[in-house]
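For reference, positions follow the sequence shown, starting with 1.
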Amino acid sequence: MKKLMYLFLTFFAIGIVKSQAKMNDKMKKKILFVITSHGTKGDTGEKTGYYLGEVTHPWEVLHKAGYEIDFVSPKGGTSPVDGFDLKDPVNKEFWENKEYRNKIDHSMKPSDVNPENYSAIFYAGGHGAMWDFADNTELASIASIIYENGGIVAGVCHGPAGLINIKLSNGKYLVDGKKINSFTNEEESEVKLTNVVPFLLEDQLKERGAKFEKSGLWQVHVVNDQRVITGQNPQSAKSVGEEIVKELKK
């Protein structure tokens, strides 16, 4: 009888361990996407928001690789959308996916997020990010915890505005001494918004100690340095997703 009881308890304990391992594995597979809540380009009155393709193209790569994605924005809820092009098949696939449309239309507030649940955080671009990413201390804290837990911090185009004020526990800026890229000064000039955005992202990243890298206008450029993955422009969005998957598999 004692032997049977011992076997039962052993198998029960093994079951709990396996169940916990599966739960932990599932949690590790979660990725947090950050989208802007800001909808206008300064005083111009022109509409902006998160750039749809910079959400959907990384989403497609990560979703197909088996990762679950959640969304957070500075204000939570539904965010304004820019670059709304449903002729892009990836945009269309995302927009018609009921689960993810519901997730992005009901994004979490930073206070709703438990950083321990995520293995990566990705800042999507769109000009709106220039107004509400850099100074959001809650998002910066979430990213710092994810990174110091061994996770990834990533961004594309204007998304790296969210990386500017992330500080690590040693007091250094996350981007200090790392190879980083983002929407460039030349690209900002090309879209005639140099004097509209609150700061030039390339310049600000350099001020924080980043080793800024870039290619020509609208060229794909992605860099991964010590689990910080950044892409230059909308054309780089899919490649950022692919680099996140590669890093997560290490």
Side-chain angles (χ1 to χ4, degrees), residues 31-60 62-63 69-113 121-136 138-140 142-143 154-165 182-184 187-188 190-201 204 218 230-238 240-241:
I31 297 168
L32 187 64
F33 274 35
V34 186
I35 53 173
T36 181
S37 297
H38 190 86
T40 56
K41 295 175 184 175
D43 297 327
T44 66
E46 290 179 30
K47 300 296 182 187
T48 188
Y50 67 84
Y51 200 82
L52 185 58
E54 293 174 21
V55 168
T56 64
H57 285 261
W59 165 82
E60 182 198 33
L62 294 160
H63 181 57
I69 293 162
D70 289 337
F71 293 90
V72 64
S73 61
K75 292 182 179 177
T78 304
S79 293
V81 191
D82 201 357
F84 189 78
D85 175 16
L86 295 188
K87 289 179 183 175
D88 178 331
V90 179
N91 285 354
K92 191 171 188 293
E93 180 189 355
F94 177 88
W95 207 248
E96 292 177 354
N97 183 305
K98 290 182 180 179
E99 177 190 358
Y100 277 98
R101 267 294 301 283
N102 183 62
K103 278 191 172 192
I104 203 167
D105 285 344
H106 299 85
S107 65
M108 294 183 287
K109 293 177 183 176
S111 58
D112 298 328
V113 174
I121 182 169
F122 166 73
Y123 289 83
H127 270 92
M130 294 293 287
W131 278 270
D132 67 355
F133 275 11
D135 294 326
N136 192 296
E138 287 180 290
L139 288 172
I142 290 165
V156 72
C157 199
H158 290 94
L163 278 57
I164 286 171
N165 289 319
S182 71
F183 206 63
T184 67
E187 285 167 328
E188 205 69 80
E190 187 73 8
V191 298
K192 297 179 170 50
L193 291 171
T194 300
N195 297 318
V196 173
V197 290
F199 56 89
L200 289 174
L201 186 48
Q204 195 65 46
W218 322 123
T230 45
Q232 183 170 317
N233 43 37
Q235 290 78 7
S236 306
K238 180 179 180 180
V240 170

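- Within the 4.5 Å cutoff, the side chain of Thr230 has heavy atoms near those of the Leu163 side chain.
- Across Gln235 and Trp218, no two heavy atoms sit closer than the pair CG-O, 3.5 Å.
- Legend: residues meeting side-chain contact (heavy atoms from CB on, under 4.5 Å) with Asp112, ordered by chain and number and at least two apart, are Met108, Lys109.
- With sequence neighbours left out, Glu96 forms a salt bridge (charged side-chain N to carboxylate O under 4.0 Å, His left out) with Lys92.
- With sequence neighbours excluded, no residue forms a salt bridge (charged side-chain N to carboxylate O under 4.0 Å, His left out) with Glu188.
- Taking NE2 from His63 and CD from Glu60, the interatomic distance works out to 9.5 Å, rounded to the nearest 0.5 Å.
- Nearest heavy-atom pair, Asn233 versus Val156, reported as atom, atom and distance to 0.1 Å: O-CG2, 3.4 Å.
- Nearest approach of Cys157 to Pro234, heavy atoms of both residues: SG-CD, 3.7 Å.
- Atom CD1 of Ile69 sits about 5.0 Å away from atom CG of Leu62, to the nearest 0.5 Å.
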Scan the side chains in residues 76-85 for donor-acceptor partners under 3.5 Å anywhere in the protein, sequence neighbours excluded, and list what turns up.
from, atom 1, to, atom 2, distance (Å)
Thr78, OG1, Asp105, O, 2.6
Ser79, OG, Thr36, O, 2.9
Asp82, OD2, Thr48, OG1, 3.3
Asp85, OD1, Lys87, N, 2.9

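- Nearest approach of Pro58 to Phe33, heavy atoms of both residues: CB-CZ, 4.1 Å.
- Residues that satisfy the salt bridge (charged side-chain N to carboxylate O under 4.0 Å, His left out) test with Glu93, not counting sequence neighbours, are absent from this structure.
- The number of heavy atoms from other shown groups lying within 6.0 Å of OH (Tyr51) does not exceed 12.
- Residues passing the side-chain contact (heavy atoms from CB on, under 4.5 Å) test with Gln204, sequence neighbours excluded: Ile164, Phe199, Glu207, Arg208.
- In this structure, the separation between CG on Leu52 and CD1 on Ile104 is 7.0 Å, given to the nearest 0.5 Å.
- By the 4.5 Å heavy-atom criterion applied to side chains, Val113 and Glu138 are not counted as neighbours.
- Residues passing the salt bridge (charged side-chain N to carboxylate O under 4.0 Å, His left out) test with Lys41 are Glu46, sequence neighbours excluded.
- Residues satisfying the ring pair (Phe, Tyr, Trp, His ring centres under 6.0 Å) test with Tyr50, not counting sequence neighbours, are none.
- Taking each heavy atom of Ile35 and Ala124 in turn, the nearest pair found is CG2-CB, 4.4 Å.
- Note that the CZ atom of Phe133 and the CG atom of Asn165 stand 13.5 Å from one another [nearest 0.5 Å].
- With sequence neighbours left out, Asp43 forms a side-chain hydrogen bond (donor to acceptor under 3.5 Å, both in side chains) with no residue at all.
- Under a 3.5 Å cut-off, the side chain of His38 and the backbone N or O of Thr40 do form a donor-acceptor pair.
- Contacts of Ala154 classified as side-chain contact (heavy atoms from CB on, under 4.5 Å), with partners at least two apart in sequence or in another chain: Phe122, Ile152, Ile229, Val240, Ile244.
- Take Phe94 and apply the ring pair (Phe, Tyr, Trp, His ring centres under 6.0 Å) test, not counting sequence neighbours, and it matches Trp59.
- When every heavy atom of Val197 is checked against every heavy atom of His127, the shortest pair comes out as CG1-CD2, 3.7 Å.
- Applying the side-chain hydrogen bond (donor to acceptor under 3.5 Å, both in side chains) test to Glu54 and every residue at least two apart in sequence or in another chain returns nothing.
- The CG atom of Leu193 sits 10.0 Å away from the CE atom of Met130 when rounded to the nearest 0.5 Å.
- Counting only distance, with no hydrogens or angles, the side chain of Lys103 and the backbone of Phe71 share no donor-acceptor pair below 3.5 Å.
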